[in-house]
Amino acid sequence: MVFVNTPEVLKEAPQAQEARDRLKTEFAPRDEKLASSGSALKELEEKLERDGAIMSESERRKVERDIVSARRELKRSREEFNEDFNIRRNEEFSKLQRKVAKAITDLAKENGYDLVLEAGVVYASDKVDITESVVERLNN
């Protein structure tokens with residue numbers, strides 16, 4: 001009987017960093033666009049606060065409508081971004097979990113382990129912890 005710390009494997013595996021890098025590359029442009037939209041909204045709000053008293057009624061109403069519209073659009077865009085990001089993250093880490101499960105199974109078969117425990121273990125000595133071996137296998 002041996003033990004593997006799967007969360008540690010998922011954290012340390014090179015494929016996990018590769019997945020994080022892919023997600024960052026894929027979503028960075030949209031994240032930057034959201035940040036830019038947030039800055040533009042803040043500028044509008046500051047303009048209204050700073051110049052609202054000296055604006056004409058119609059100009060102030062237009063800026064207020066622009067602010068409401070920008071808030072709504074930013075909120076919608078952020079929700080869409082978060083949903084898309086979560087879907088892609090789940091796809092990436094689902095692939096990684098399958099690789100980890102295969103690495104654990106292959107290692108167990110090669111070493112003749114009868115049982116590999118992963119969750120609910122209160123204590124496991126270093127003698128039965130195969131976490132490093134699984135991470136090493138994923139590095140190859």
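Note: hydrogens, waters and symmetry copies are ignored here, and every other heavy atom, side chains too, is used.
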Hey, are the side chains of [X] and [Y] touching, using non-hydrogen atoms and a 4.5 Å cut-off?
X: Lys62; Y: Met55; result: no
X: Lys11; Y: Glu8; result: yes
X: Val100; Y: Leu10; result: yes

Atom pair [atom1] ([X]) and [atom2] ([Y]), whose distance is rounded to the nearest 0.5 Å:
X: Ile104; Y: Lys99; atom1: CD1; atom2: NZ; answer: 14.5 Å
X: Phe27; Y: Arg89; atom1: CZ; atom2: CZ; answer: 10.0 Å
X: Phe85; Y: Glu92; atom1: CZ; atom2: CD; answer: 10.0 Å

Atom CD of Gln17 with >12 non-hydrogen neighbours under 6.0 angstrom: yes
Go through it in stages, so that I can follow the logic: the residues are Arg88 and Asp84, the test is salt bridge (charged side-chain N to carboxylate O under 4.0 Å, His left out), and I'd like the CA-CA distance, side-chain angles, deciding distance and then a yes or no. CA-CA 6 Å; Arg88 282 289 294 124; Asp84 290 347; over 6 Å; no
Does a salt bridge link Glu64 with Arg61, judged by any charged N lying under 4.0 Å from a carboxylate O? no
Taking Lys95 first and then Glu91, would you say they form a salt bridge - that is, a charged N and a carboxylate O separated by under 4.0 Å? no
Please give me the minimum heavy-atom distance between Val134 and Val4, naming the atom from each residue. CG2-CG2, 3.9 Å
Can you name the closest pair of heavy atoms from Pro14 and Asn139 and give their distance? CG-OD1, 2.9 Å
Do any side-chain atoms of residues 41-52 form donor-acceptor pairs under 3.5 angstrom with protein atoms, and if so which ones, sequence neighbours left out?
from  : atom 1 : to    : atom 2 : distance (Å)
Glu45 : OE2    : Arg71 : NE     : 3.1
Glu45 : OE2    : Arg71 : NH2    : 2.8

So, Gln15 side chain and Leu138 main chain: donor-acceptor pair closer than 3.5 Å or not? yes
Residues 106-121 side chain polar contacts: donor-acceptor under 3.5 Å, at least two apart:
from   : atom 1 : to     : atom 2 : distance (Å)
Asp106 : OD2    : Lys102 : NZ     : 2.8
Glu110 : OE1    : Arg137 : NH2    : 2.5
Glu110 : OE2    : Arg137 : NH1    : 3.2
Glu110 : OE2    : Arg137 : NH2    : 3.4
Asn111 : ND2    : Leu107 : O      : 2.9
Glu118 : OE1    : Thr6   : OG1    : 2.3

Run the numbers on Arg60 and Ser56 for side-chain hydrogen bond (donor to acceptor under 3.5 Å, both in side chains), then give the verdict. CA-CA 6 Å; Arg60 191 173 74 249; Ser56 69; over 6 Å; no
Run Glu73 and Arg76 through salt bridge (charged side-chain N to carboxylate O under 4.0 Å, His left out) and show every step you take. CA-CA 5 Å; Glu73 178 63 24; Arg76 185 194 60 73; 2.4 Å; yes
Output every pair passing side-chain hydrogen bond (donor to acceptor under 3.5 Å, both in side chains) with a member in residues 31-40, not counting sequence neighbours, ordered by first then second residue. none
For side chain to side chain contact (heavy atoms under 4.5 Å, CB included), just list the numbers for Arg20 and Phe93, CA-CA rounded to whole Å, side-chain angles, deciding distance to a tenth of an Å, and then say yes or no. CA-CA 9 Å; Arg20 285 188 288 272; Phe93 283 94; 4.1 Å; yes
